[in-house]
Amino acid sequence: MLVLVLEDDGDVAACVVLALKSLGHTAVHARSVKEAIDRIKREPSIDAAMLDVDLGRETGANVAILLTERRIPYLVASAYAGDEIPAAMRGGPQLRKPYLLNDLEKALEGCLAI
């Protein structure tokens, strides 16, 4: 499965990409909302996404909206919880940072089950 990882921290993204690979998936990394939206539009083979909330001056909310429109499941992976997460990003699985590989696997399975 091809997973888009929206994460502005390069070290965190590298770890997530490796974790997804260890679970048998392929991952593509986007550092910004613009890069994520461009990838979604260019790569119709994206099966799911992991979205960070806080991307500096922006949030992953616009990416969540586009993913919902395209019926691509996603999960939110963030240190934020509850009301701190933008409304457009709620409703799906949430993975609270820091998390373990088993937590990532379960959240991804939950994401795909929606």
Side-chain angles (χ1 to χ4, degrees):
M1 173 171 53
L2 180 59
V3 181
L4 171 69
V5 177
L6 175 58
E7 173 62 60
D8 62 332
D9 184 307
D11 292 335
V12 171
C15 290
V16 172
V17 168
L18 284 174
L20 288 166
K21 185 176 180 180
S22 76
L23 294 173
H25 306 294
T26 302
V28 292
H29 174 220
R31 286 180 167 74
S32 68
V33 168
K34 180 184 181 330
E35 188 178 344
I37 289 172
D38 289 347
R39 280 196 178 269
I40 294 164
K41 290 179 177 179
R42 276 194 337 258
E43 296 182 38
S45 60
I46 292 174
D47 299 300
M50 288 183 63
L51 307 178
D52 189 10
V53 172
D54 184 4
L55 301 163
R57 296 182 187 161
E58 55 190 355
T59 71
N62 286 336
V63 177
I65 292 167
L66 178 60
L67 290 166
T68 300
E69 288 171 356
R70 293 186 178 227
R71 299 177 189 236
I72 299 171
Y74 67 90
L75 65 93
V76 174
S78 177
Y80 292 144
D83 292 342
E84 298 172 309
I85 296 174
M89 299 179 79
R90 294 183 208 151
Q94 296 178 10
L95 187 58
R96 187 86 185 256
K97 291 179 182 176
Y99 52 85
L100 301 173
L101 185 62
N102 287 347
D103 299 327
L104 171 59
E105 185 173 34
K106 288 177 189 172
L108 194 55
E109 288 172 1
C111 166
L112 296 173
I114 293 177

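Below, each value reflects all heavy atoms present in this structure, side chains not excepted, and no hydrogens, waters or symmetry copies.
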Please tell me whether Val3 and Val17 are part of a single hydrophobic cluster in this structure, the criterion being side-chain heavy atoms less than 4.5 Å apart. no
Qualifying side-chain hydrogen bond (donor to acceptor under 3.5 Å, both in side chains) pairs, either residue in residues 16-33, two or more places apart: none
According to the salt bridge (charged side-chain N to carboxylate O under 4.0 Å, His left out) rule, which pairs have a member within residues 66-79, sequence neighbours left out? none
Members besides Ile37 in its Ile/Leu/Val/Met/Phe/Trp/Tyr cluster (side-chain heavy atoms under 4.5 Å): Leu2, Leu4, Leu6, Val28, Val33, Ile40, Ile46, Leu51, Val53, Leu55, Val63, Leu66, Leu67, Ile72, Tyr74, Val76, Tyr80, Ile85, Met89
Taking only residues at least two apart or on different chains, which pairs with a member in residues 39-50 satisfy side-chain hydrogen bond (donor to acceptor under 3.5 Å, both in side chains)? Arg39-Glu43
Taking salt bridge (charged side-chain N to carboxylate O under 4.0 Å, His left out) as the test, write out the residues that go with Lys34, two or more places apart. Asp38
Less than 3.5 Å apart, which donor and acceptor atoms pair up between the side chains of residues 99-114 and the rest of the protein, not counting sequence neighbours?
{"unit_1": "Asp103", "atom_1": "OD2", "unit_2": "Leu100", "atom_2": "N", "d": "3.1"}

Listed once per pair and sorted, the salt bridge (charged side-chain N to carboxylate O under 4.0 Å, His left out) pairs that draw on residues 6-19, sequence neighbours left out: Glu7-Lys97
Side chain to side chain contact (heavy atoms under 4.5 Å, CB included) involving Ala88 - partner list, sequence neighbours excluded: Ala61, Ile65
Apart from Leu18 itself, what residues make up its hydrophobic cluster when side-chain heavy atoms of I, L, V, M, F, W and Y under 4.5 Å apart count as a link, directly or indirectly? none
